[in-house]
Each structure stands twice: as C-alpha cells, then as structure tokens.
Amino acid sequence: MVVILHLLGRETALRLDGTRTNKHPPTNLRRLHYIAKEPFMEFNLNDYPYHSHRRVILGKKYAVATSQHLATLAGIEMFLAGGNAVDAAVATAIALTVVEPTSNGIGSDAFAIVWDGKLHGLNASGRSPQQLNLKSYLGMEKIPQLGWLSVTVPGAVSAWYQLWNRWGKLPFEQLFTPAIRYAEQGFSLSPITAQYWQRQENIYLSLTSPEFQPLKQVFFPNERAPKTGETWGSLWFAETLKEIANSGGESFYRGKLAAAIANFSADTGGCLTKTDLANHQPIWCDPISTQYKQLQVWEIPPNGQGIAALMALNILEGLKIEKYARNSTESFHYQIEAMKLAFADVYSHVCDPDLMKVSVNQLLDKNYAIQRQSLIEDTAITLANTGLTQGGTVYLCTADPDLMVSFIQSNYEGFGSGILIPETGISLQCRAAGFTLQEGHPNQVAPQKLPFHTIIPGFLTKDNQPLGPFGVMGAPMQPQGHLQMVVNLSDYQMNPQAALDAPRWRFLEGNKILLEKGVSSEIIAGLRKRGHNQEIASEIMFGKGQMILRHNGVLVAASESRSDGLALAY
C-alpha cells in the first residue's frame, strides 16, 4: 500500500515500512493531501445495513462529546495534560476546524454557555462590514450564500481566546497542538464528514471567480472531494493555527492574518477591511431561560434563535403531552404546531439585539404563550416559513467537577462563503445570509449590524443546580432539536443517548414537515390525516447533537448516531 503526500513543494511516497522516496512536483505546492492507493480489501465504508446502538458513556472526573472522534480525543488530551473543561472545549473547537471543515472553520462564528457556579454566555458573532454597499443587493430576492456579500466578521477565534483567558489553565498555545498535528500529518476522513464533503463538490467546484480558487485548491485537491478513509491535511492550515496560537488571536484581528484577509477582500471585490476586523469584540451576556416542567432550559439571547426553543416550550407546556406516548401522532403534532408558532414570532422580531422592537421578556411571557397555544387545533396550521437550509455547524460539550461548557461554531452552510484566504486555510463563513432584504424588517441587511443567527448552545438546570450542556446542529433544525431533546428528557424520561437517537421531525414551511426514517407508519398516517404535508428524509436533515448531564454524581455523556461523533468520559 502506498500513500502519496504533497508536502511543502516536495512529493514523498510513504510505504508501510516507513521508508520514503522523494519526487519533485511544482515548487509552489503548499498543501498536504494523501490519496490511498491499492486498497487491501474492497468494502463500502458508507454502507451500514443494520441499525447500530450506542450506549451512554459514564465518568466521574470529566467528559467530552463532539461530532468527530479526533476532536473528542483533542479534548481528552487537554484533560490528561492537567487542563479543565474550558481548555478541553477550546482545543476541541480548534480541532474541529481541521477534522470537520465541511461544517466549521477558522473563519466561523461561535457561541458558548459556561457554568462555573453560575451561567455565563458568550456571543462571538460578527458584524457586517462598515463599507457594505446595499446597492450590491439590488435585484436580488435574497442574500446569496456564496461570495463576499455573504461574509460578516468571523468571531470564532475571539471566542477561543476569550474563553481561555477567563477560565483556561493550560498555555493557550497548547490548546492548538492536536489540531496542528492533524493538519500537518493528515487524518483519515470519517464517513459522515466525507459524505458532506462530496455533497459540496458540485457547488464549490463550479465556482470560477478568483475569490473562490483558493478554497478549491485546499479542500478539493485533484478537483474532487476526498472520500471516506482517504487522508487529508493542510500545511497552510497548520501554519495559520500556529500564528493564531502564538499571537493569542491578535494576528487574526489586528496583525498578519488580518492584513491577509483585508488585502484579499480588496483584491477580489469584497468590503471587509482591517478596521472591521480590529473593531470586532465578542459579547459577554446573561443566558435567557424558561421553566419547562421540572427543567430550566437556557439559551443565548438574540441575535440567536435559541429563544425559539424557549417560546415553543412555553406554548407546549400547557398541552400536557406527557399523557400521550412519545411515539404517537398527538405528541408529534403538538410539538410541531408549537414550533410553528414560535418561528412565526422569531422570524418577525429577532435581529441585532440593539435594534429589536420587542423585548425578550415579551416573547417569553407565559401569558403570551397561553394566547399562542389557543391557536393550536387538531389539524395543521400555516404560520411560518423557515426555508430548507441544511446547515454547516459543529456542536460540542465538555464537563469537569467545576466547569461545564456548551459550545457551537459554524460556517452556516457547508464550507461557508466559498472564500478562503490564500495560503492560510481561513475559510470565511456566510453569516450575512442570515439577514433579510425585506424593506423595514428589523433584520434587514445594513452595515455594522449583527445578523439573525442560527447557532445555539443549550444548557439545562434543575432546582438551581446544573444538569449540563446539550445542543443539536443544523440551521433551523437547531431549536427544533432542542425542543425535542427537552421533551424526550422531561416528558418521556429518556437517557441522553436515547433522547438524541430518537427519530425526529423537522418543520419546513407552511404545513410541510420532514420525518426521519424510523418514525412509525401509524404516526405518518396520523399526521397526514391531520393535514401535515410530509416527506420521509435521510438523517442528514435532522441535525447532529451531543449532551453531557450530571446524574447521581456521575457525568453521563452521549453523541448521537447521525454523526461521526464520540463521547468519552473518565
């Protein structure tokens, strides 16, 4: 078996015995890509005909749960080095930019909730550029998801530093070690990430403008996506991570990397500048919550959509769905209808918090929830339009005896805007696509404004004591996933793994819903009779989640089976 590496302008063939033979490709090649040749056995790494069960993972000292096993190991590596849950969370988040670039990257945004005896929220989403020309959107029906018009200031790097600066124990540079190793040495691509990667081929390989070429060079070497089991890495990526580590993130916002971003923007028609990057500051905030039966459910306040989950739970609470079986038409129907009503309000009112015309307290008022609940009938109603965005997000959680972290970072869609800064590995998110072009809407696109944001870390407490972090990825699926997790835990007493694995529904628009394979034929027929327009969809449409909860002094960790994820605890 031979593996081919492209490494800093030199091609090396690695044999299984560790010997090397050198070749000489073009000297300007600055990426690493392995392609496995002569497979020793023919089998399909993406074919799983039999249902596989996962069990909860238990530990007393610490736990990590992510959507990619190498990222989980990065977090465990920090614990073994004497770090805490924040060190582990940040190291895991950094590693995910390498091992799951289909969903997040160095140029992502991020949100976090941290418990250290009380709850703290961090909103590291970025504003639109100061020089944004609104005339650029004339004639468009919606904001594009590709190109510079979709880019806001990336906030993930600022989140890593702020979290570490407040709670971290290990040196900041040490948190980057696993990610740099994965980028330099390469890693074997896991099945779900490979599937997402291949789904993006037609989108990104078809882009011909200059601003899109660096991303194609890094993520689609040889003009294709890497496949399951093939090994991918990037020395550009590794060098950029070293620069961020050594500068404490300063280079990204006010140094060498900031200049590279601003210069490429100026050269290829963007309006993101050094000033935009230098002015970025993440926002510390108090999480918002609602009481749902015995659980207190916590979310980051707007500009995020976490409030949608809280509003839906408020509406659902009085319907007493615990009297219906979890796998029943009634349970599904009432959850879907509550979510529709919540989305109708959220898409009308949630935006940059400085510009909201209604308050969080108004939206979470229990009396208002009762009014909304009265609109729910036995048949489906049409109240909101969420679109059909699939989402490009990673969620992770960590815990130790003193700290618990709920963390999420995202490109928004796939590889984001399609823009990667040359020779850096920095792929930029497309978060401006969260704005609307609707005239007079509070979330209408404008310069120096925070967009409506989909990514939402969640947290649960009970009787003022922490239970733990949880989250589900997937654009508008996220609050719907949060609602279903809380219902599964509270109303149906499921353990974290079962709560994550249970078949899901997803509201789209009007009376359109998606149902996951595994939903019973009785529920499908019952929902159809109630007026729901439904389709059976693959698991890719229902998000990917993680959870760590305290139970009788033990940390119970879970990572759902829809992802390549792994939960580990000790």
Side-chain angles (χ1 to χ4, degrees), residues 103-109 124-156 200 202-216 219 253 258 260-280 303 305 347 350-352 355 387-393 410-422 424 426-455 475-476:
S103 298
N104 76 130
I106 300 171
S108 286
D109 279 357
S125 59
R127 296 184 179 275
S128 53
Q130 292 183 20
Q131 297 178 11
L132 186 67
N133 186 351
L134 299 182
K135 293 181 180 179
S136 302
Y137 298 104
L138 290 177
M140 297 182 181
E141 294 184 1
K142 62 180 182 178
I143 293 171
Q145 291 182 344
L146 296 170
W148 283 111
L149 289 177
S150 71
V151 177
T152 57
V153 176
Q200 303 300 314
N202 292 338
I203 296 172
Y204 293 98
L205 286 177
S206 66
L207 301 174
T208 58
S209 298
E211 64 269 29
F212 301 122
Q213 302 318 303
L215 183 137
K216 292 162 64 175
F219 291 123
Y253 295 104
I261 295 169
N263 290 341
F264 191 59
S265 172
D267 291 344
T268 55
C271 55
L272 193 64
T273 65
K274 289 182 182 179
T275 301
D276 292 317
L277 292 161
N279 287 342
H280 171 75
N303 54 316
Q305 67 172 340
Y347 288 133
V350 170
C351 63
D352 186 320
L355 300 171
L388 191 54
T389 306
Q390 291 178 12
T393 303
S410 171
N411 286 338
Y412 189 43
E413 276 292 307
F415 289 99
S417 62
I419 296 170
L420 184 144
I421 309 307
T424 67
I426 300 171
S427 56
L428 299 176
Q429 36 81 329
C430 53
R431 279 291 159 189
F435 287 118
T436 180
L437 295 176
Q438 182 181 336
E439 189 71 31
H441 194 286
N443 189 43
Q444 184 181 4
V445 66
Q448 289 188 278
K449 187 174 181 179
L450 294 173
F452 176 88
H453 233 286
T454 57
I455 59 175

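Positions are given from 1 along the sequence.
Ser128 pairs by the side chain to side chain donor-acceptor pair (under 3.5 Å) definition with nothing, not counting sequence neighbours. Evaluation of the side chain to side chain donor-acceptor pair (under 3.5 Å) rule for Gln438 yields no partner, not counting sequence neighbours. For the ring pair (Phe, Tyr, Trp, His ring centres under 6.0 Å) test, no residue two or more places apart in sequence or in another chain qualifies with Phe435. Looking at residues two or more places apart in sequence or on another chain, you find a side chain to side chain donor-acceptor pair (under 3.5 Å) between Asp276 and Thr273. Remark: Thr436 engages no residue in a side chain to side chain donor-acceptor pair (under 3.5 Å) (not counting sequence neighbours). Phe264 pairs by the ring pair (Phe, Tyr, Trp, His ring centres under 6.0 Å) definition with nothing, not counting sequence neighbours.
Within the 3.5 Å criterion, the main-chain N or O of Gln145 finds no donor-acceptor partner in the side chain of Tyr412. Judged by distance alone, the side chain of Gln213 and the main-chain N or O of Leu207 form a donor-acceptor pair under 3.5 Å. Remark: the backbone N or O of Glu413 is not paired with any side-chain donor or acceptor of Gln200 at under 3.5 angstrom. Side chain of Asn443 to main chain of Cys351: no donor-acceptor pair is present (N/O by atom type, distance under 3.5 Å, no hydrogens or angles). At least one donor-acceptor pair under 3.5 Å links the side chain of His441 to the backbone N or O of Tyr347.
No close placement of the Tyr204 and Phe219 rings is indicated, their centers lying 6.0 Å or farther apart.
Annotation for Lys274: atom NZ does not count as buried by contact number, only 12 or fewer foreign heavy atoms lying within 6.0 Å.
Residue Leu215 is tested with Ile419, Leu428, Leu420 for a side-chain contact (heavy atoms from CB on, under 4.5 Å); the sole match is Leu420.
The two residues Cys271 and Ser265 come nearest to each other via the heavy atoms N-OG, 3.3 Å. Smallest separation of non-hydrogen atoms from Pro442 and Leu355: CB-O, 4.2 Å. Between Asn303 and Pro451, the closest heavy-atom pair is ND2-O, 2.7 Å. Scanning both residues, Tyr137 and Leu149, for their nearest heavy atoms gives OH-O, 3.0 Å. Contact record, Ala433 with Pro144: CB-O, 4.0 Å, taken as the closest heavy-atom pair. Across Tyr253 and Val153, no two heavy atoms sit closer than the pair CE2-CG1, 4.4 Å.
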Intermediate values then yes/no, side-chain contact (heavy atoms from CB on, under 4.5 Å), Thr454 and Arg431: CA-CA 9 Å; Thr454 57; Arg431 279 291 159 189; 2.9 Å; yes

Please test Thr275 against Gln131 for side-chain contact (heavy atoms from CB on, under 4.5 Å), starting from the C-alpha separation and ending with a verdict. CA-CA 10 Å; Thr275 301; Gln131 297 178 11; over 6 Å; no

Step by step, work out the side-chain contact (heavy atoms from CB on, under 4.5 Å) result for Gln444 and Glu439. CA-CA 7 Å; Gln444 184 181 4; Glu439 189 71 31; 3.5 Å; yes

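For the atom pair Ser125 OG and Phe452 CZ, the distance stands at 12.0 Å (nearest 0.5 Å). With rounding to the nearest 0.5 Å, the separation of CD1 in Ile143 from OG in Ser150 is 9.0 Å. Rounding to the nearest 0.5 angstrom, the gap separating the CD atom in Gln130 from the NZ atom in Lys449 is 16.0 Å. Remark: Asn411 CG to Asp109 CG distance equals 9.5 Å, nearest 0.5 Å.
Leu277 places a side-chain heavy atom less than 4.5 Å from the side chain of Pro154.
The closest side-chain donor-acceptor pair between Gln429 and Ser410, if any, does not fall under 3.5 angstrom. Donor-acceptor pairing under 3.5 Å is recorded for the side chains of Trp148 and Thr268.
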